[in-house]
Amino acid sequence: NFGISQAKGEWIAFVDSDDWVEQTYIETLIADNDGSDICFVNTVQEKRTVLQTEALSLNENSFHLYERCLLNKYVLKEHPHLTSVWAKLYKKNFLLQYKIKFPEDLKKSEDAIFNMQAYSNAKRGKWSRVGLYNYRPNAYSVTHTFDSTVVETYKKHLRYVKEFYKEKSYSEFDSDYAVRVTFDFIYCIVNDFCHYQNHENYIKRKKNFSFVKNDIMFKESIENVKVKRFSIEEQILILMIKRNMFWIINLVVRIIQKI
């Protein structure tokens with residue numbers, strides 16, 4: 001937020017510390033902007049699988065779909081890196097006009113809250129299909145490491161979402177929100193309850209799993225989420241969550257994490 005407020009240029013770009021960009025990254029995005037609020041570019045990894053080469057023009061309907069994808073990733077078949085702020089160029093005046101900021105009390109999902117505000121207000125955009133951003137998956141990033149505070153973090157995230165859509169929810173909000181809540185609970189399982197570095201005893205971890213699952217922030221959405229919207233692997237996991245099969249979930253997650 002401080003960087004955005006101090007920036008002197010017309011555009012704002014973000015690059016993760018373990019990623020890098022091609023030399024023509026910025027100039028390509030600016031050349032394709034065409035009065036855009038936000039410009040997107042493919043990652044080099046995506047370019048290998050994307051056949052379309054022409055830049056894609058975006059309008060308010062496009063951004064509404066992207067906004068929905070922040071809650072429900074299955075809204076679009078292909079929705080690469082919509083949550084993250086990297087591989088994008090934001091018009092500085094656009095960010096200032098709509099007071100778009102990162103929530104400073106979140107250490108996970110802050111990008112999603114930032115983009116939720118951005119996509120909700122964006123009118124025009126461009127997606128350059130060339131691969132110019134090099135994304136490096138990091139097994140030790142905050143999304144993969146043990147975090148005993150992850151439950152409170154995701155509850156804060158969900159409160160931000162609820163507050164943002166309190167006055168402006170769209171017709172599909174409830175079903176999309178249920179998907180988001182379910183994924184946040186899965187992240188709590190992976191990063192806390194079943195993480196191999198969580199050294200609390202099994203009974204305590206199982207109690208925490210049940211306690212959070214029945215929390216008002218999670219309970220209704222997990223009970224009502226439409227399982228068919230998920231991949232086969234996710235469907236199996238969610239059914240086990242619904243049936244409180246913690247011992248199987250714990251075993252599978254710990255085996256996968258140690259492979």
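Only a predicted model underlies this, so the values are computations on that prediction, with no experimental measurement involved.
- Shown here for Pro103 and Glu110, the closest heavy-atom pair between the two residues is CD-O, 3.8 Å.
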Using the rule given for side-chain contact (heavy atoms from CB on, under 4.5 Å), can you reason through Val41 versus Thr28, listing the C-alpha separation, both sets of side-chain angles and the distance that settles it, and then say yes or no? CA-CA 9 Å; Val41 69; Thr28 299; 5.6 Å; no

Check the pair Phe173, Phe164 against ring pair (Phe, Tyr, Trp, His ring centres under 6.0 Å), reporting the backbone distance first and the verdict last. CA-CA 12 Å; Phe173 175 75; Phe164 185 77; 9.8 Å; no

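- Using a 30° and 60° split on the angle between ring planes, Tyr74 and Phe230 fall in the perpendicular class, above 60°.
- Separation of the Phe246 and Tyr202 ring centroids falls under the 6.0 Å cut-off.
- Considering every non-hydrogen atom in both Ala112 and Leu70, the closest pair reads O-CD1, 3.6 Å.
- Phe94 and Tyr98 have their aromatic ring centers within a separation under 6.0 angstrom.
- Considering CD1 of Ile241 and CD of Glu234, their distance stands at 10.0 Å, rounded to 0.5 Å.
- With rounding to the nearest 0.5 angstrom, the CZ atom of Phe209 is 4.0 Å from the CD1 atom of Ile249.
- Side-chain contact, Thr149 with Glu152: no donor N or O sits under 3.5 Å from an acceptor N or O.
- Partner of Asp176 under the side chain to side chain contact (heavy atoms under 4.5 Å, CB included) criterion, out of Val161, Val181, Asn72: Asn72 alone.
- Under a 3.5 Å cut-off, the side chain of Asn115 and the backbone N or O of Ala118 do not form any donor-acceptor pair.
- Expressed to the nearest 0.5 Å, how far CG of Leu58 lies from OH of Tyr119 amounts to 9.5 Å.
- Other residues, nucleotides and ligands contribute over 12 non-hydrogen atoms within 6.0 Å of the NZ atom of Lys123.
- Summarising the local packing, CD of Glu220 is surrounded by 12 or fewer heavy atoms from other residues, nucleotides or ligands at distances under 6.0 Å.
- Residues Tyr165 and Glu67 bring a donor and an acceptor atom of their side chains to less than 3.5 Å of each other.
- The aromatic ring centres of His64 and Tyr170 sit less than 6.0 Å apart.
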Can you check salt bridge (charged side-chain N to carboxylate O under 4.0 Å, His left out) on Glu223 and Lys242, steps first, answer last? CA-CA 7 Å; Glu223 287 177 351; Lys242 286 173 176 282; over 6 Å; no

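- Residue-environment remark: NZ (Lys206) stays at or below the threshold of 12 foreign heavy atoms within 6.0 Å.
- Of the candidates Tyr133, Trp127, Tyr90, Phe40 forms a ring pair (Phe, Tyr, Trp, His ring centres under 6.0 Å) with just one, namely Trp127.
- Of all heavy-atom pairs between Lys88 and Leu82, the closest is CE-O, 4.0 Å.
- The only option from Tyr154, Phe193, Phe218 that meets the ring pair (Phe, Tyr, Trp, His ring centres under 6.0 Å) definition with Tyr187 turns out to be Tyr154.
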Apply the test side-chain contact (heavy atoms from CB on, under 4.5 Å) to residues Asn198 and Arg254: give CA-CA distance (whole Å), side-chain angles for both, the deciding distance (0.1 Å), then the verdict. CA-CA 10 Å; Asn198 184 336; Arg254 292 201 159 193; 4.1 Å; yes

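- Enclosure of atom CD in Gln23 is not indicated, since only 12 or fewer non-hydrogen atoms of other residues, nucleotides or ligands lie within 6.0 angstrom.
- For Lys204, the NZ atom is loosely surrounded, since the number of other residues' heavy atoms within 6.0 Å does not exceed 12.
- The line from CZ of Arg180 to NE2 of His157 is 5.5 Å long, rounded to the nearest 0.5 Å.
- In terms of heavy-atom proximity, Ser175 sits nearest to Arg229 at CB-NH1, 3.1 Å.
- You'll find the ring centres of Phe2 and Phe102 outside the 6.0 Å limit.
- Within the 3.5 Å criterion, the main-chain N or O of Arg205 finds no donor-acceptor partner in the side chain of Glu200.
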